[in-house]
Every structure is written in C-alpha cells, then in structure tokens.
J.: 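Would you mind keeping the following structure in view while I ask a few things?
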Amino acid sequence: MTDKQPIYILPENTERTVGRDAQRNNILAAKLVGDSVKTTLGPKGMDKMLVDGVGDITVTNDGVTILEQMELEHPAAKMMVEIAKTQEKEVGDGTTTAVMLAGKLLENAEKLLDMKIHPTVITKGYNLASNKTKRFLEELSVSVDEQGDVLKFIAMTAMTGKGAEAVKEKFANIIVEAIRQIDEKEIDLENIKIVKNKSYGIEDTELIKGIIIDKGRVSMDMPLKIDEAKIALVSDALELKNPEGDAKISITAPEQLQDFVNREERLLKQIVEKIKFSGANVIFCQKGIADVVQYYLAKKGIYACRRVAKSDMEGLARATGGRIVSNLNELSEGELGKAQVVEEVKQGDESMTYVRGCENPKTLTILIHGGSEHVMDEMERALKDGLGDVVSVIKTKKIVAGAGAIEMELSKMLREFANSLSGREQLAVQEFANALEFIPLTLAENAGLDPIDVLTELKSRHDSGEKYAGINIFNNRIEDALHEGIIEPVKIKSQAISSATEVAIMILRIDDVLASKGNKSPVGNGMGYPGME
Ligand code: ADP
Ligand code: MG
C-alpha cells in the first residue's frame, strides 16, 4: 500500500479547473459581458458596429442584438447571453439592464469571496435580496389606465437612445394607434407586420391597415388594382413539373413537336382555368409562375405575385381568412381569402402590393421608410422595443419611474432591509443593493456626467422622500421621472432582476469546470480555461 498509484477518472483530454480559479474565471467572463454592453445603456448610450464573418455590418444600441452577434465562446459568457434572450422573449426590452445587473452582481460577489465568505452564503443572500426587491417593486409600481398619454410616454421612453430621437413622438403615436386597433384582450404582435422600404426618410414611416407584400404584380398586363379581392394562396409553383431524371422525347416529325408544345401549353392553361374556376381574382404564389401562366392570368384579369415569402403567405392567410393550398385541385371558393382592395403601389423604385380592408381587421403593417438598411434595421428594433413595452403595460397596467429612479429607491429599501439582518448574509444583500445603483450610475456616466456626483445627489433626494427622483438625461437634471413621463413597464424590471439573480447564482455555485479539450478557446486572449485549445 506504500506505492501511491494515481487514479484517472477523466478522459485524458479533459481540462479541469477547480475552486477559486474556476469561480474567478467565470466571474471575469460574466463581468466582461456586462461591461461590453454598458456603454450602450440609456438615451446617451453609444452604438456598436458589429461586423460578421462575411463582412455584413450591424449598427445597433440593442443589448440582445449585440450579444447575439458577438458569438461568445466562454461557457459563463454564454449563460449571460441567455439572460438577454430570455428578457427579449419575455418583455422585448431591458436586455442591457438585465445583463449589466448580472455582471455587477457577480463582480460584487467576488469581493465577498475575497473576504472568505462562502458562495452558499452569498447565493442565499442574493436570493433573499431578489425576492425582497421584487416585493418592493410591486409596492413602488404605479397603476395606470390606458387613457391619456401613458402608453405614448412608455413607447417614447423605450425608444430613447435608439437613433429614433427625431421621430420618437411620431413612432410612439404609430405604436399606440396600432395597439389600440388590436383587440385589447388578445394582443398578438404577430398581427403587426414591419416592412422596410428604402425610399423617402424615416419621418415618412406610416401605419397601414392591412398587409404589405414587398413584391409587385408579375406582369405589367395585369390590373393595378382589384376591388373585392378574392385571394388564392398557393404554396407550389405554377409551372409544369420537370420529369424526374433525364427523360428523352423522340420526335421524328415536325407536327409531333407542335403537338408537344401544344400539349404543354394546354396543361399550363389548365392551371389558369383552375384558378379562375375557384373564383379568385388575386393569387399569391410562394414559388415561381411560368411565363405562359402569367400571360393567361393577365388575360383573365387576375392579379398575381410570385415568390412570396413563407412568412408573408402565413400572414396573408391570417389576415384574409384564406387557406394556403399546395395543390391547385384543392382550390375552391372556400379556400379563398378576402380583402376590400389589392393594389400595386410604387414606393421609390420598388413595387409593393397593398392588401387593405382584410377579413381580419386586426392585421396592421408599419412601413418603415429610410435611407439605408442599417438605419431601418435599428428603427425596427426601436419600434419592437416600444411595441413590447406598450403591450406589457396594457397587460399588467403597472409602471415604474425610469431614469434610474426605481433602481435608486429599490436600493435604498433593500439597504434598510439588510440592516435588519444579522450575519454574513447582510453583506450579500448590501452588495445586491449596490449592484442596483449601477444602472443610474451608468446612465449618468454615459451622458458624460460625473457619476459619483449624480449618485450622491440621487441618494440624498431619495433619502428625503423623493421616490421618483431620477437623472433626466435630456437636461441633465435630477427630476421626478414619473412627472417627466420617463416611465417603463414594471415587468422590465422584475424580469431583469429575476433572470440576473438566477444566472449570478448559477455561476456562483460552480466550483469545478470540466472542459473537453475539443472545445474552442473561450472569449479572446487570456480568458480561456488553462489548457483549453
Ligand atoms: P435596455 O436594453 O436595458 O432597455 P436602454 O439603452 O434602452 O437599455 O436604456 C434603458 C434605460 O434608459 C432605462 O433605465 C430608462 O429608464 C433609461 N431612460 C430612458 N429615457 C431616459 C431619460 N430621458 N433620462 C434618463 N434615463 C432614461
Ligand atoms: Mg430599452
């Protein structure tokens, strides 16, 4: 028994990091992710330019977009990206806040670890703090109805800093008008389609009742406009199928060739007959339409679009009450969708098809105009943030004061609660409170203000009972954010707190990382687990 033989329980190519090393490494990665989006927070946040492998550019201020495109490799960093995705899915806004909060919670936890406080004590404290914070959040939230300008201000706050500044009010009006048209109880954002058109400027962005397909009619001989449209939706090509394999046709006499051509033409004509027979005067086809078919469709006065995207076909089906058929033999009057008008409209050099007065009146389209793809993409993200926030307020009818006001008040309440605790958990709850202050601090920093001055002033205002005092970045003054209309749905904050805490705790509980060497190296230089290639 004297000869100590090492026992290997892991495959040879596994790299293992344990204890503080593993924690330090994970925390560092998470902190870096938090820091990477920090400068984009708030109205004066900067944008990021992301260039992907093939040189495509995205210019954005949107947390989740940035993180998704960064293609992070480090496992802890990936967990941070998940927070942003969850936040985006649940609320549609607040992604930067959620990720920053998680990063800060971990950074602060590191201080506690350095003080030899055990991770389980920290995670227990963080859990306690998170639950308390959510309860305080409920207490601090303000009930609203949808009358007045509440929804408009919610939309405007959501879009601040997204490059939509000049048209923020117009966009907010579009968002509110759009949402009001959809039935209150069953708001489904699927019903609001966003289409982009590179002509005019963003200020010309408009709300259209109906659906827009970014394709014109296939043939100039077709009518420009159809009233009382009966719409066929076909997923298959309106062409003759090529025979499988290499089929040979032997033709020995000229009349045989003529026969063959005639036969093809007859079959193609039959396609048009079937469409006409169903009663349709408009057809949207997901695939191609043969020239001959186009010719006969035009002759019969039918409006046709080809190569319509699958998502558009589905949107058309929802909007017009039609059913997508793959086989023309299935097409009958019952399958057709209905709309008052189908019309080709020229927008700049592009032709589009407007389908208005749909069977389902809740179908709406926001047509974004703009000079460049990059600008329009960012406008789309801004609109989606606004839409998500407005829907959230309609659902919960609860808002909170933005501009860092809510975080300051929560932090204050949490600190008071911490004082009632004894033992080391108290320290964890205090660090949680500190992490919340990171939001107003960063808002100030990003606006070029002295963060410490702002934080000190905010603290004293909250201590003297100004619950809604926040840093208004438009005039750089500390003001009542509620009164100034800087308001956000409560759900943004509760979701951000939940998911940030969850991930911070999960990362803190890891003290052993077993990585197969086959993995690629995580996050840049010096960030990898030792030995990971
Ligand atoms: P997120 O991805 O977390 O939504 P944003 O860049 O959209 O990040 O910034 C949101 C933050 O900006 C919120 O804390 C919000 O209260 C704040 N904010 C919005 N408008 C103002 C304003 N006028 N002054 C100060 N802060 C504002
Ligand atoms: Mg936002």
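One-based numbering, in listed order, for ligands and for the atoms of each. As the structure is a computational prediction, the values presented were derived from the model and not from experiment.
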J.: Looking only at distances, please establish whether an N/O atom of ligand 1 is found under 3.5 Å from an N/O atom of G404.
T.: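 Between G404 and ligand 1 (N or O atoms, distance only) the closest approach is not under 3.5 Å.
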J.: Pick, from G42, P43, G45, the option with the minimum heavy-atom distance to atom 21 (C) of ligand 1.
T.: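 Result: the heavy atom closest to atom 21 (C) of ligand 1 is in P43.
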J.: Give the atom numbers and elements of ligand 1 that come within less than 4.0 Å of a heavy atom of N472.
T.: 23 (N), 24 (N)
J.: Cut-off 3.5 Å, side chains only: do N434 and E431 have a donor facing an acceptor?
T.: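 Result is yes, a qualifying pair exists.
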J.: So does E314 pair up with R318, basic N to acidic O under 4.0 Å?
T.: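 No.
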J.: Suppose I only count heavy atoms of F474 and a 4.0 Å limit; which atoms of ligand 1 are within that range?
T.: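 By the 4.0 Å cutoff, the relevant atoms are 23 (N).
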J.: What protein heavy atom sits nearest atom 1 (P) of ligand 1, and how far off is it?
T.: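 Protein heavy atom at minimum distance: G94 CA, 3.6 Å.
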J.: Closest N/O/S atom of D93 to the Mg ion (ligand 2), by atom name?
T.: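 Within D93, restricted to N, O or S, the Mg ion (ligand 2) is closest to atom OD1.
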J.: What atoms of ligand 1 come closer than 4.0 angstrom to any heavy atom of T40?
T.: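 What qualifies from ligand 1 is 6 (O).
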J.: Taking the basic N atoms (NZ, or NE/NH1/NH2) and the acidic carboxylate oxygens, is any pair closer than 4.0 Å for E138 and K398?
T.: yes
J.: Between the side chains of R381 and E378, is the shortest nitrogen-to-carboxylate-oxygen separation below 4.0 Å, so that they form an ion pair?
T.: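 Between R381 and E378 there is a salt bridge, with a charged N closer than 4.0 Å to a carboxylate O.
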J.: Within ligand 1, which atoms have a heavy atom of K493 less than 4.0 Å away?
T.: 14 (O)
J.: Go through the steps for S351 and K346 under the test side chain to side chain donor-acceptor pair (under 3.5 Å), then give the verdict.
T.: CA-CA 4 Å; S351 298; K346 273 237 183 293; 2.8 Å; yes
J.: Check K198 with D349, please: is the shortest side-chain N to carboxylate O separation under 4.0 Å?
T.: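 So D349 does not pair with K198 through a salt bridge.
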J.: Is I486 close to ligand 1, meaning an N/O of one under 3.5 Å from an N/O of the other?
T.: no
J.: Just need the protein heavy atom nearest to atom 4 (O) of ligand 1, so name the residue and atom and give the distance.
T.: D93 OD1, 2.8 Å
J.: Salt bridge between E437 and R415, side-chain N to carboxylate O under 4.0 Å?
T.: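 R415 and E437: salt-bridged.
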J.: Going by atom types alone, do S498 and K134 pair a side-chain donor with an acceptor below 3.5 Å?
T.: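 Distance-only check passes for S498 and K134.
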J.: Please write down residue, atom name and distance for the protein heavy atom closest to atom 26 (N) of ligand 1.
T.: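 The protein heavy atom lying closest is A403 CA, 3.3 Å.
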J.: Using a strict 4.0 Å threshold on nitrogen-to-oxygen distance, state whether K412 and E409 make a salt bridge.
T.: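 Counted as a salt bridge, because a side-chain N and a carboxylate O are separated by less than 4.0 Å.
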J.: Using the rule given for side chain to side chain donor-acceptor pair (under 3.5 Å), can you reason through H374 versus S372, listing the C-alpha separation, both sets of side-chain angles and the distance that settles it, and then say yes or no?
T.: CA-CA 5 Å; H374 304 309; S372 94; 5.6 Å; no
J.: Taking only non-hydrogen atoms of Q87, do any sit less than 4.0 angstrom from ligand 1?
T.: no
J.: Students should be able to answer this: which protein heavy-atom is nearest to atom 3 (O) of ligand 1, and at what distance?
T.: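 Atom 3 (O) of ligand 1 sits closest to the protein heavy atom T97 OG1, 2.5 Å.
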J.: Considering non-hydrogen atoms of the protein only, which is the closest contact for atom 17 (C) of ligand 1, and what is the distance?
T.: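 Ranking protein heavy atoms by distance from atom 17 (C) of ligand 1, first comes L443 CD2, 4.0 Å.
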J.: Provide the number and element of each atom of ligand 1 under 4.0 Å from a heavy atom of G402.
T.: 16 (O)
J.: Between T157 and ligand 1, does any nitrogen or oxygen pair lie at a separation below 3.5 Å?
T.: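 Looking only at distances, the answer is no, because the N/O contact criterion of under 3.5 Å is not met.
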J.: For atom 24 (N) of ligand 1, which protein heavy atom lies nearest, and how many Å away is it?
T.: I473 N, 3.0 Å
J.: Do R20 and D114 sit within salt-bridge range, that is, some charged N less than 4.0 Å from a carboxylate O?
T.: yes
J.: How far is atom 7 (O) of ligand 1 from the closest protein heavy atom, and which atom is that?
T.: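 Its nearest protein heavy-atom neighbour is K162 NZ, 3.6 Å.
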J.: Considering only NZ, NE, NH1 and NH2 on the basic side and carboxylate oxygens on the acidic side, decide whether K31 and E110 come within less than 4.0 Å.
T.: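 Answer for the salt bridge query: no.
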J.: Please could you name the atoms of ligand 1 that T160 approaches to less than 4.0 Å, counting only its heavy atoms?
T.: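 So the atoms of ligand 1 that pass are 19 (C), 20 (N).
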J.: Can any side-chain N or O of D204 pair as donor or acceptor with the backbone N or O of G201 at less than 3.5 Å?
T.: yes
J.: Do NZ/NE/NH1/NH2 and the carboxylate oxygens of E90 and K491 come within less than 4.0 Å?
T.: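 A salt bridge links E90 with K491.
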J.: If hydrogens are left out, which of K44, E488, E484 has an atom nearest to atom 13 (C) of ligand 1, that is, the closest non-hydrogen atom?
T.: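 Looking at heavy atoms only, the winner is E488.
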J.: Are any N, O or S atoms from D389 nearer to the Mg ion (ligand 2) than 2.8 Å?
T.: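 No.
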J.: Which residue holds the protein heavy atom closest to atom 25 (C) of ligand 1, what is that atom called, and what is the gap in Å?
T.: I471 O, 3.0 Å
J.: Output the list of atoms in ligand 1 that are nearer than 4.0 Å to some heavy atom of T96, sorted by atom number.
T.: 1 (P), 2 (O), 3 (O), 8 (O)
